[in-house]
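Notes for the one structure printed next.
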Number of protein chains: 2
Amino acid sequence: MEKRTGKGMENQLPGLDSQVCFSVYALSRQITQHYRPILDELDITYPQYLTLLVLWEKERQSVNQLGEKLYLDSGTLTPMLKRLEQKGLIKRERSIRDERVVEISLSEKGSQLRHLACAIPQKLLASLNITREELSQLHLIVNKILGQTRQS
Amino acid sequence: MEKRTGKGMENQLPGLDSQVCFSVYALSRQITQHYRPILDELDITYPQYLTLLVLWEKERQSVNQLGEKLYLDSGTLTPMLKRLEQKGLIKRERSIRDERVVEISLSEKGSQLRHLACAIPQKLLASLNITREELSQLHLIVNKILGQTRQS
DNA sequence: AAGATAAATATTGTACGCAATTTAATTTTT
DNA sequence: AAAAATTAAATTGCGTACAATATTTATCTT
C-alpha cells in the first residue's frame, strides 16, 4: 500500500526543498563568477558593483539607506564602503544635521564609472548565455518568493 | 519613433538582468537566514549542512568528490572540514592507496545526526512560507539556468 | 537639564568563497 | 630510473556576511 512510516525515511533522497535551496545558493555563486572577469576590468567586486548601482540611482545616501536596499548591515557595509572610498569611487561624510549618520556620495571618478559600467549588463548576459525568456521567468518567481520570505 | 541611441542610455533604470542577479543573490542569503535558527540547534552552518547531506548519501568521499558536488574548492573545503572534524561529525584520513587524497567519512555522531536532520526540510518550508508549486517552479528554472551557465 | 532610551555606525570575531601559491605524492616522459 | 609534468590538499590573502557588542550622538522622560 506504499504507506511509508518512520523506518526507512532516512533512505530517501534529500527533499526537493533541500535541492532547490542548494541550487539557488549555487546559482548565486555562479552568477558572481560570471561577473568577476567583467568587474575585474573596473577593479570592483560584485557587492561593490551593486552598491554603485544604488548610488547611481540616487547620488547621496546614508549607510542605513544603502543597507535597506542591499539588505546588508553596517558590519558588512562599513568595511566595504571604506574600500570603495580607498579606490576613490565614493566619499564618506558625517551628516551635519545628525552626526550619527554617515552619508555616502559618489566621487567624480565614481560617477564617471557609470559610463564604463553601462556595457556590463550585455556582457553578463552574453556570458551567462541564457535567453530573456528564462531571465524573465527567473525574475518573476524569485521576486515573488523573496517578497514572501522577507516577511515571515 | 522611439529609437534610442547611445546618448540617454545612462538615464535608464538598471536592466532586468542586474535586478534578477541581485534578486538571486538576495534570495540565497535570505534562505541561509531561514536555515540559521534551525541549524543552530544542531550547531552547524548551512554549508556544513550541505556537506553532511552529501556524506549521508555516500558515507566516504574524497575532498575532491565533495568539491565537485558542492562546487567548492579545497580553499573553502579544507578549513570547513576541519571544523566539522572538531565538532566530531566527520573523520579525515589520508588514503592509503594515494597519499595525496584525503578521505572524508562520517563519524558515529555524524551518522546519527541524520535522524535529527530529517526534520529540517519541513521546518524550513514552514519558515519560508512558500507553496510547493512555487518551490517547484523555482527548482525548474534555476536548475535549467544553472545547467547552462556551468558550461559557458 | 540630568538621566534613560533609542538610533546610526563602527568594531570584533567567526565562517565562508575563491584566486593564487605551495607542498607533497603520483604519473608520465625521455 | 631521473626529470618533468600532473594531481590533490593545504595555505595565504582578501573580501564579503552576519551576530554580538561597543561607541557616539540624538531624543525622550520626568
Side-chain angles (χ1 to χ4, degrees), chain A residues 22 24-40 42-52 61-68 70-87 89-90 92-104, chain B residues 22 24-37 39-40 42-52 61-87 89-90 92-104:
Chain A
F22 171 70
V24 171
Y25 158 79
L27 179 59
S28 178
R29 287 190 292 126
Q30 189 66 28
I31 289 173
T32 303
Q33 293 302 318
H34 281 264
Y35 266 112
R36 193 178 306 276
I38 300 171
L39 294 177
D40 273 352
L42 308 188
D43 188 35
I44 56 176
T45 66
Y46 182 54
Q48 288 169 9
Y49 170 65
L50 291 176
T51 304
L52 290 176
Q61 301 185 56
S62 72
V63 173
N64 238 341
Q65 289 174 305
L66 289 176
E68 276 170 20
L70 298 169
Y71 308 134
L72 293 171
D73 69 5
S74 70
T76 300
L77 280 175
T78 298
M80 191 219 291
L81 293 171
K82 283 181 179 173
R83 283 187 283 270
L84 282 174
E85 188 185 33
Q86 280 188 328
K87 291 177 199 287
L89 297 174
I90 64 167
R92 297 167 62 244
E93 301 161 318
R94 291 269 162 198
S95 164
I96 302 166
R97 294 194 4 233
D98 186 338
E99 292 265 333
R100 290 172 303 184
V101 174
V102 170
E103 293 185 328
I104 307 299
Chain B
F22 171 70
V24 171
Y25 159 78
L27 180 59
S28 177
R29 285 162 44 219
Q30 189 66 27
I31 289 174
T32 304
Q33 294 302 316
H34 282 264
Y35 266 112
R36 195 179 305 277
L39 294 177
D40 272 353
L42 308 188
D43 187 35
I44 55 176
T45 66
Y46 181 54
Q48 288 168 11
Y49 170 64
L50 291 176
T51 304
L52 290 176
Q61 300 185 55
S62 71
V63 173
N64 239 342
Q65 289 175 304
L66 289 176
E68 276 170 21
K69 289 170 186 166
L70 298 168
Y71 308 133
L72 292 172
D73 67 6
S74 69
T76 301
L77 280 175
T78 298
M80 190 220 291
L81 293 171
K82 284 182 179 173
R83 283 186 284 270
L84 282 174
E85 188 185 33
Q86 280 188 329
K87 291 178 199 289
L89 297 174
I90 65 168
R92 297 166 62 243
E93 300 161 318
R94 290 268 163 200
S95 163
I96 302 165
R97 292 190 12 226
D98 186 339
E99 292 264 335
R100 290 171 303 184
V101 174
V102 169
E103 293 185 329
I104 307 299

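Model, not experiment: these values are computed from the prediction.
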Given C:dA25, C:dC16, C:dC18, the nucleotide with the shortest approach to the side chain of B:Leu72: C:dC18
Under a 4.5 Å cut-off applied to non-hydrogen side-chain atoms, are A:Tyr25 and B:Ile31 in contact? no
May I ask you to verify if any side-chain N or O of B:Thr45 is less than 4.0 angstrom from the OP1 or OP2 atom of C:dT14? no
With no hydrogens and no angle check, is any side-chain donor or acceptor of A:Lys87 less than 3.5 Å from a backbone partner on A:Asp43? yes
From C:dA10, C:dT9, C:dA24, pick the nucleotide closest to the side chain of B:Arg100? C:dA24
Heavy-atom contact window of chain B on DNA chain D, given 5' to 3' at under 4.0 Å: D:dT7 to D:dA19
Of B:Met80 and A:Gln33, whose nearest nucleotide on DNA chain C comes first from the 5' end? B:Met80
For the pair A:Arg29 (side chain) and B:Tyr71 (backbone), establish whether a donor and an acceptor sit closer than 3.5 Å, ignoring hydrogens and angles. yes
Rounding to an integer number of Å, can you tell me how far B:Leu77 CG sits from C:dC18 C1'? 11 Å
Verify the contact: side-chain N or O of A:Gln65 to OP1 or OP2 of C:dA8, cut-off strictly under 4.0 Å; return yes or no. no
So, is B:Arg97 near the phosphate of C:dA25, with a side-chain N or O under 4.0 Å from OP1 or OP2? no
Nearest-Å distance for atom pair CZ/P, residues B:Arg36 and C:dA15: 11 Å
Of A:Pro47 and B:Thr76, the one whose closest DNA chain D nucleotide lies more 5': B:Thr76
Over its full length, what angle do the end axes of the helix from C:dA1-D:dT30 to C:dT30-D:dA1 make, each axis taken from five pairs and the result rounded to 10 degrees? 10°
Donor-acceptor contact below 3.5 Å, side chain B:Asn64 vs main chain B:Gly67: no
State, with a plain yes or no, whether a side-chain heavy atom of B:Val24 is found less than 4.5 Å away from one of B:Leu27. no
Return the value, rounded to whole Å, for the distance between atom CG of A:Asn64 and atom C1' of C:dT9. 9 Å
Between C1' on C:dA8 and CD on A:Glu93, what's the gap in Å once rounded to a whole number? 17 Å
Mind checking if B:Ser62 touches a base, just sugar-phosphate, or nothing, with heavy atoms under 4.0 Å? sugar-phosphate
Any non-hydrogen side-chain atom of A:Thr32 less than 4.5 Å from a side-chain atom of A:Thr45? no
Under the rule for side-chain contact (heavy atoms from CB on, under 4.5 Å), what residues qualify as partners of A:Ile38, not counting sequence neighbours? A:Ile120, A:Lys123, A:Leu124
Determine the minimum heavy-atom distance between A:Tyr46 and B:Phe22, stating which atoms define it. OH-N, 3.4 Å
Can you tell me if A:Arg94 uses its side chain to pair, donor with acceptor, with the backbone of A:Arg100 under 3.5 Å? yes
Spacing between B:Leu39 atom CG and C:dT14 atom P, to the nearest angstrom: 20 Å
When the distance from NZ of A:Lys82 to C1' of C:dA10 is rounded to whole Å, what number comes out? 7 Å
From CG of A:Leu70 over to P of C:dT9, roughly how many Å is that when rounded to an integer? 14 Å
Side chain to side chain donor-acceptor pair (under 3.5 Å), paired with B:Gln61, selected from B:Glu68, B:Glu103, B:Lys69: B:Lys69
Separation of B:Asp98 atom CG from C:dT27 atom P, in whole Å? 6 Å
